[in-house]
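Values in this document were obtained by computation on a predicted structure and should not be read as measured data.
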Amino acid sequence: FHDNKFVNGAFYGLRPASCAMITSAGLFVAYVTFINNNSNVLIIQWHALILAAVLLILTNFVKPAKKLHPVIWIFIAAVIGVIFKF
């Protein structure tokens, strides 16, 4: 199917749609995580924003942290979530 022009055309058309769906899901998760929408009052959850900033710095700029396996980061995130009751 690699050389089929119809299959290639279908996948070419699906790329933007899949990118839009992933972006929409990511934005929704960020909204639910960082903003508390109880009783129609928007409250920014600063601890979640600070945690996201710390993780961004650790995973992008600290060399020993960049070498950690993704499963370890998932475990760390789970422990932090339990501790801070996210």
Side-chain angles (χ1 to χ4, degrees):
F1 293 107
H2 182 63
D3 295 328
N4 189 326
K5 66 179 181 177
F6 297 113
V7 172
N8 286 333
F11 280 117
Y12 183 77
L14 287 174
R15 284 184 193 120
S18 61
C19 286
M21 290 172 58
I22 292 169
T23 302
S24 173
L27 290 174
F28 179 74
V29 168
Y31 178 78
V32 169
T33 302
F34 297 133
I35 297 176
N36 187 358
N37 196 8
N38 292 340
S39 69
N40 295 328
V41 177
L42 296 178
I43 301 171
I44 296 175
Q45 297 187 23
W46 293 105
H47 59 284
L49 285 173
I50 293 169
L51 177 61
V54 168
L55 288 177
L56 179 72
I57 291 168
L58 283 176
T59 56
N60 287 312
F61 302 113
V62 179
K63 283 193 177 190
K66 287 173 76 171
K67 295 180 181 180
L68 290 177
H69 195 275
V71 172
I72 294 173
W73 284 111
I74 293 171
F75 178 74
I76 291 169
V79 169
I80 291 171
V82 169
I83 290 172
F84 289 108
K85 299 176 184 172
F86 283 132

Pair Phe75-Val79, side chain to side chain contact (heavy atoms under 4.5 Å, CB included): steps then yes or no: CA-CA 6 Å; Phe75 178 74; Val79 169; 3.8 Å; yes

Only distances under 3.5 Å count here; give the side-chain donor-acceptor pairs of residues 61-71 to other protein atoms, sequence neighbours excluded, each with its distance to 0.1 Å.
from  : atom 1 : to    : atom 2 : distance (Å)
His69 : ND1    : Val71 : N      : 3.1

Contacts table for residues 48-60: side-chain donor-acceptor under 3.5 angstrom, sequence neighbours left out:
from  : atom 1 : to    : atom 2 : distance (Å)
Thr59 : OG1    : Leu55 : O      : 2.7
Thr59 : OG1    : Leu56 : O      : 3.4
Asn60 : ND2    : Leu56 : O      : 3.1

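For Phe11, the side chain to side chain contact (heavy atoms under 4.5 Å, CB included) partners are Val7, Leu14, not counting sequence neighbours.
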